[in-house]
A.B. asks: 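Mind looking over this structure? Questions follow.
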Amino acid sequence: MLTICKHPLIDLKLSIMRDERTKSKEFRESLDEIASLMCYEVFKDVKTINSNENIVTPTGITLPKVKLESKIILAPILRAGIGMVDGIINMIPTARIGHIGMYRNEKTLEPVEYYFKLPIVDNPLVVVVDPMLATGGSAISAISAIKKRGYNNIRLMCLVGAPQGVKAVEEAFPDVHIFLASLDEKLNEKGYILPGLGDAGDRIFGTK
Ligand code: PRP
Ligand code: URA
């Protein structure tokens, strides 16, 4: 299933990110802010339960403190996925964070995994985080590794996706709900998303 997180504030910030003149600082800030705004959709159906702890309101009423029913793991795909973590953690401070190290071979566009570490938790909701869903190779490889670990409640949260990448993930994992801020037109011959926003990792970390 694919959900496009449509909101005028997301459109404004995405337009800043698409602008080639935008520098790393503003690019990172906009990415963080969009990640926070997207949480509204991505976690919309997550259930809450009453904890054993109570709170007392200023009007003197005692209420049970509410918490999320599922434990949440964020699994950013390095490097660019790191750029969305703070924005999500600001909304869900109790989320645990894993790391999946992966880069695309620039010639074959095949993903190469170099690091994998996830927190050990009972029945978590795992949200794979990466700004770019291009061919879908990196996301598919990350999701496969997470499933091998035995976690099966998985969502994919990206900023910009290409139709090819969405189709590839949907075919490989029909149970994984994909969330995007924008579904763009296509990939170019180098596997970059058009119109897209360029190389997300380079723009976040200023490596070009
Ligand atoms: C980018 C991006 C995704 C991947 C998407 O990472 O952050 O992980 O490409 O492409 P795909 O859908 O075709 O697999 P990149 O390989 O550039 O690594 P980086 O984040 O370290 O720059
Ligand atoms: N990775 C990026 O960073 N940008 C793209 O357009 C495609 C893959």
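Position 1 is the first residue of the sequence, and the numbers go up from there. Note that ligands are numbered from 1 as they come in the structure, with each ligand's atoms numbered from 1 the same way.
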A.B. asks: Taking S15 for the side chain and D11 for the main chain, is one N or O donor matched with an acceptor at less than 3.5 Å?
C.D. replies: no
A.B. asks: Give a yes or no on this: more than 12 heavy atoms of other residues, nucleotides or ligands lie within 6.0 Å of atom CG of N54.
C.D. replies: yes
A.B. asks: Is it true that the side chains of T135 and R104 contain a donor and an acceptor less than 3.5 Å apart?
C.D. replies: no
A.B. asks: Give the residue, atom name and distance (to 0.1 Å) of the protein heavy atom nearest atom 6 (O) of ligand 2.
C.D. replies: I193 N, 2.8 Å
A.B. asks: Just need the protein heavy atom nearest to atom 16 (O) of ligand 1, so name the residue and atom and give the distance.
C.D. replies: R104 N, 2.8 Å
A.B. asks: Can you name the atoms of ligand 2, numbered from 1 with element, that are less than 4.0 Å from a heavy atom of A134?
C.D. replies: 7 (C), 8 (C)
A.B. asks: Between E170 and K167, does any NZ, NE, NH1 or NH2 come within less than 4.0 Å of an OD or OE carboxylate oxygen?
C.D. replies: no
A.B. asks: What protein heavy atom sits nearest atom 2 (C) of ligand 1, and how far off is it?
C.D. replies: D130 OD1, 3.4 Å
A.B. asks: Over all heavy atoms of both residues, which pair between M84 and P131 is shortest? Give the atoms and the distance, please.
C.D. replies: SD-N, 3.6 Å
A.B. asks: Provide, to 0.1 Å, the distance between atom 17 (O) of ligand 1 and the closest protein heavy atom, together with that atom's residue and name.
C.D. replies: D199 OD2, 4.1 Å
A.B. asks: Does T135, backbone or side chain, put an N or O under 3.5 Å from an N or O of ligand 1?
C.D. replies: yes
A.B. asks: Hey, does G136 sit under 4.0 Å from ligand 1 if you only count heavy atoms?
C.D. replies: yes
A.B. asks: Nearest 0.5 Å, what's the OG1-CD distance between T48 and E69?
C.D. replies: 8.5 Å
A.B. asks: If we only count N/O pairs under 3.5 Å, is A134 in contact with ligand 1?
C.D. replies: yes
A.B. asks: Under 3.5 Å between some N or O of ligand 1 and some N or O of A139?
C.D. replies: no
A.B. asks: For G198 and ligand 2, does the shortest N/O to N/O distance drop below 3.5 Å?
C.D. replies: yes
A.B. asks: Mark whether atom 12 (O) of ligand 1 lies under 4.0 angstrom from at least one protein heavy atom.
C.D. replies: yes
A.B. asks: Considering only non-hydrogen protein atoms, determine which one is nearest to atom 21 (O) of ligand 1 and report residue, atom name and distance to 0.1 Å.
C.D. replies: R79 NE, 3.0 Å
A.B. asks: Using non-hydrogen atoms of the residue, decide whether G191 is closer than 4.0 angstrom to ligand 2.
C.D. replies: yes
A.B. asks: Is the backbone of D32 close enough, under 3.5 Å, to the side chain of S36 for a donor and an acceptor to pair up by distance?
C.D. replies: yes
A.B. asks: Please report the closest heavy-atom contact between I204 and G83, naming both atoms and the distance.
C.D. replies: CD1-CA, 4.2 Å
A.B. asks: Below 4.0 Å from any atom of ligand 1, is there a heavy atom belonging to L109?
C.D. replies: no
A.B. asks: What residue and heavy atom of the protein are closest to atom 14 (O) of ligand 1, and at what distance?
C.D. replies: S138 OG, 2.6 Å
A.B. asks: To check your reading of the model: name the closest protein heavy atom to atom 5 (C) of ligand 1, its residue, and the distance in Å.
C.D. replies: M132 O, 3.5 Å
A.B. asks: Atom CZ of residue position F116 - does it have more than 12 heavy atoms of other residues, nucleotides or ligands inside 6.0 Å?
C.D. replies: yes
A.B. asks: Side chain or backbone, does A200 bring an N or O within less than 3.5 Å of an N or O on ligand 2?
C.D. replies: yes
A.B. asks: Which atom pair, heavy atoms only, marks the closest approach of L125 to S70?
C.D. replies: CB-CB, 4.4 Å
A.B. asks: Just to be sure I'm reading this right: ignoring hydrogens, which of K190, R203, R104 gets closest to atom 8 (C) of ligand 2? Compare them by their nearest heavy atoms.
C.D. replies: R104
A.B. asks: Quick one: nearest non-hydrogen protein atom to atom 5 (C) of ligand 2, plus distance?
C.D. replies: Y192 CD2, 3.4 Å
A.B. asks: Which of the atoms in ligand 1, numbered in the order shown and given with their element, are less than 4.0 Å from a heavy-atom of G137?
C.D. replies: 12 (O), 14 (O)
A.B. asks: Provide the closest heavy-atom pair for A75 versus I100 in the form atom of the first, atom of the second, distance.
C.D. replies: CB-CD1, 4.0 Å
A.B. asks: Donor-acceptor check, side chain of R155 to backbone of V42, threshold 3.5 angstrom: yes or no?
C.D. replies: yes
